[in-house]
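The chains referred to below are lettered A, B, ... by the order of the sequence lines, with proteins before strands, and numbering in each begins at 1. From a predicted model like this one, the values you see are computed outputs, not experimental measurements.
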2 protein chains.
Amino acid sequence: MTNLARRLFGVLDCFEADTPPLSLTEIVARTGLPMPTAWRYVRELTAWGGLDRLPDGRYRIGFRLWKLGALSPVYRDLRELALPYMQDLYQATHENIQLAVLDERTALCIEKINNLRSVATRTRVGGRLPLHATGVGKVLLAHAPPELLAALLAAGLPRLTRHTIAQPGRLARALAEVREQGMAFSRQEMSLGAGSVAAPVVHPSGEVIASVSIVAHSTVDLDRLGIAVRTAAAGISRSLAGP
Amino acid sequence: MTNLARRLFGVLDCFEADTPPLSLTEIVARTGLPMPTAWRYVRELTAWGGLDRLPDGRYRIGFRLWKLGALSPVYRDLRELALPYMQDLYQATHENIQLAVLDERTALCIEKINNLRSVATRTRVGGRLPLHATGVGKVLLAHAPPELLAALLAAGLPRLTRHTIAQPGRLARALAEVREQGMAFSRQEMSLGAGSVAAPVVHPSGEVIASVSIVAHSTVDLDRLGIAVRTAAAGISRSLAGP
DNA sequence: TACTCATTTTCACCTGGTGAAAGTGAACTG
DNA sequence: CAGTTCACTTTCACCAGGTGAAAATGAGTA
C-alpha cells in the first residue's frame, strides 16, 4: 500500500461514532502525521467531500462518505431486508428496536427505530455497543468463535452499571443460556433503567450474521417481549433464504 | 490536491446506486487511469475495506465506507429525526415512505420504509430519483433556486412514462402549484402503476431541506394521503426547530 | 494446443509529496 | 494596547516513493 493512501485512510479512521468533531491538532495527535501533511490530507478530504469543516475549524465526516457508504450492498441489503420486520416489531411493542452486527469486537448498530416515548438509548446507527453487556452483543458473542470470548476476557470486562456481568464464569454461563434459549437478555447491564432482549438473525449457511433487539424500560416484562423479538428475527432469517 | 488523492477518490466516485459491481477494466474505463495504477489503487482501497472484491474479481463499495458514512452527522441527524414521523406515516397508511434531499440535480433517497405488499418501488437508500417526475423531486425543485429548473430544462426532461411531464411550461405550472398547495403529486410519471404525494421538510431558517413522500399504487387516492404526508412533514419540520 | 483478454507484476525513471522552518492570525493576558 | 501563545497554514529544497510501459500470468474459449 502506498504510504500516502495508508495515511489518508488513517485520517478517516480517526472518526468513531462518539467522536466529536476533531481539530487538526487532534487529528495530528491521533495519526502521528506531521502537521503540514495532516493539514494537506484534511484539506483534500474536505475538498472531495469526505470531511466537512465546521466554522470553528473542526472536522467531521462529510456527506460524500454517507453517499458512498449507502451503496455498500452487504449491509444495505441486510438493512432493507430486516427493516419491515423491525417495523412490525416496533408496531407491536412501541419500544426501541435495534439491529446490530459483530464488528471489531463490538456490536455495531446498523439500523435503529426509536420511540421517543420509550426509554432513551444512547446508541446511534453506526455506533457501537459492548458485547458482554447488551442483548444484541450477547447474542453475537454467544454464536461467535470461542476465541472472541477469550479475547474479551483477557482484555477485561468493563463494568458499566452495578448489574453488568463482569465475571468470566457468569458470562460464559449466560452465553450458554443464550444459545439454549435462542435469545439474550440485558437487565440494566448497559444502562440503569433500561433492559433489552435480543434474538439472532441466522443466515441460510447457519451462521448468525446479526442480532435484533427490543430496548425498553427496566420495568417492562422482557420475557413477554422475547417471543416477539424471536419472531422478528426468525422472519428476517427466513427472508435471507430468498423468496 | 495531490494527484494521488484525486485519483484515489476518482476510483470511489465510479460507484453509483445502480452501478453493478465493477471490474478493474471498467474502473480503468471510467477513470482513465493506466491499468497498473488503477490496479494498485483498487488493491489499496480493498485492503483498507473501502472496496470489497467479489469472487469473480469485480469490486463494490465496502463496509468500511458504510461505517464511516454512518457517522456523517448532518444526514444522520435528519434521518434520526425524521424516522419516527415516517414510522407514524407508515403505520397510518401501510404504503412506502421515502425521505429525500436535493443533491446533484437529483432527489437523493436518504431513508425509506417499504411495505412489500404495497407497490414495488425501485428506489433504494442512497439511490437517486429524477426531480421532475417524482413527488419528492418536485417538492425539492419547487423550492430550489430558479437556476436549477433552468438547468434541468436546458438539459431536457426525460420522459419516463407517457404521463411524465416533459414540457417546460407544464412543469413550471406544476411547480407553482406545489408551492401553493404545500405538496406535490406524481401520478404514474415515474413508473406506470405507481403514484406518490410528497411534502416539504422546512428548516427553521425557512429553507426546504428535504421532502417526505408516500409512494403507492396509482389506484390509491393520493389526495387523501396528502393530508397525512403534510402532517408528517410538518412534524419533522417542527422537530428541526429543537425541543 | 493456441489464442485472447483481463488482470497482475516488474523496475528504471523522475516528479510529486514531504516536513522543518517560517509565517499568519486569533485569542488571551497583563 | 502590546506582547505572548497557540493552532493552524504556507513555503520550498530535497529525495524517495509512485508511475506506467512492458512483460508475465492465468483463465476461458475455440
| field | 5' precedence on DNA chain D between A/Gly57 and A/Leu4 (nearest-nucleotide basis) | value |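 Nearest nucleotide further toward 5': that of A/Gly57.
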| query | Under 3.5 Å, side chain of B/Ser237 to main-chain N/O of B/Val202, donor-acceptor pair present? | reply |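 Indeed, once roles are kept as given, a pair shorter than 3.5 Å links the two residues.
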| said: Strictly distance-based, threshold 3.5 Å: is any side-chain N or O of B/Ser72 a donor or acceptor partner for the main-chain N or O of B/Gly69? | reply: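 Answer holds: no.
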| query | Touch check for B/Arg53, heavy atoms < 4.0 angstrom, all strands: base, sugar-phosphate only, or nothing? | reply |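 Sugar-phosphate: the residue B/Arg53, judged by heavy atoms under 4.0 Å, touches backbone atoms but no base.
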| Within the structure shown, what part of the strands sits under 4.0 Å from A/Arg58 by heavy-atom distance: base, sugar-phosphate, or nothing? |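 Since no nucleic acid heavy atom lies under 4.0 Å of A/Arg58, the category is nothing.
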| said: Is the ring pair A/Phe9/B/Trp48 parallel, tilted or perpendicular, if the boundaries are 30 and 60 degrees? | reply: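 A/Phe9 vs B/Trp48 ring planes: parallel.
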| From A/Val215, A/Thr121, A/Leu99, A/Ile97, residue fulfilling side chain to side chain contact (heavy atoms under 4.5 Å, CB included) relative to A/Lys112 |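 Option passing the side chain to side chain contact (heavy atoms under 4.5 Å, CB included) with A/Lys112: A/Thr121.
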| request: Answer whether the closest heavy-atom distance between the side chains of B/Tyr41 and B/Leu4 falls below 4.5 Å. | output: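 Yes, close enough: below the 4.5 Å cut-off.
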| message | Is any side-chain heavy atom of B/Tyr59 closer than 4.5 Å to one of B/Val11? | response |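 Not in contact.
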| task | Establish, with yes or no, whether the OP1 or OP2 oxygen of D/dG18 is under 4.0 angstrom from a side-chain nitrogen or oxygen of B/Arg43. | result |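 Looking at the OP1 and OP2 atoms of D/dG18, neither is under 4.0 Å from any side-chain N or O of B/Arg43.
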| said: With a 4.0 Å cutoff (strictly under), does any side-chain N or O of A/Ser23 reach OP1 or OP2 of D/dA7? | reply: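 Checking A/Ser23 against D/dA7: no side-chain N or O falls below 4.0 Å of OP1 or OP2.
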| query | Is it true that A/Glu16 and A/Arg30 make a salt bridge, defined as a side-chain N closer than 4.0 Å to a carboxylate O? | reply |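 Salt bridge between A/Glu16 and A/Arg30, a charged N being under 4.0 Å from a carboxylate O: no.
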| A/Asp77 bridged to B/Arg124 by N-O distance under 4.0 Å |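 Between B/Arg124 and A/Asp77 there is a salt bridge, with a charged N closer than 4.0 Å to a carboxylate O.
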| request: Extract, from 5' to 3' on DNA chain C, the first and final nucleotides lying under 4.0 angstrom from some heavy atom of chain A. | output: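 Contact span on the strand: C/dG17 to C/dA21.
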| said: I need the residues from residues 24-42 of chain A with at least one non-hydrogen atom less than 4.0 Å from DNA chain D; give them sorted by number, or say none. | reply: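 Only A/Leu24, A/Thr25, A/Met35, A/Pro36, A/Trp39 qualify.
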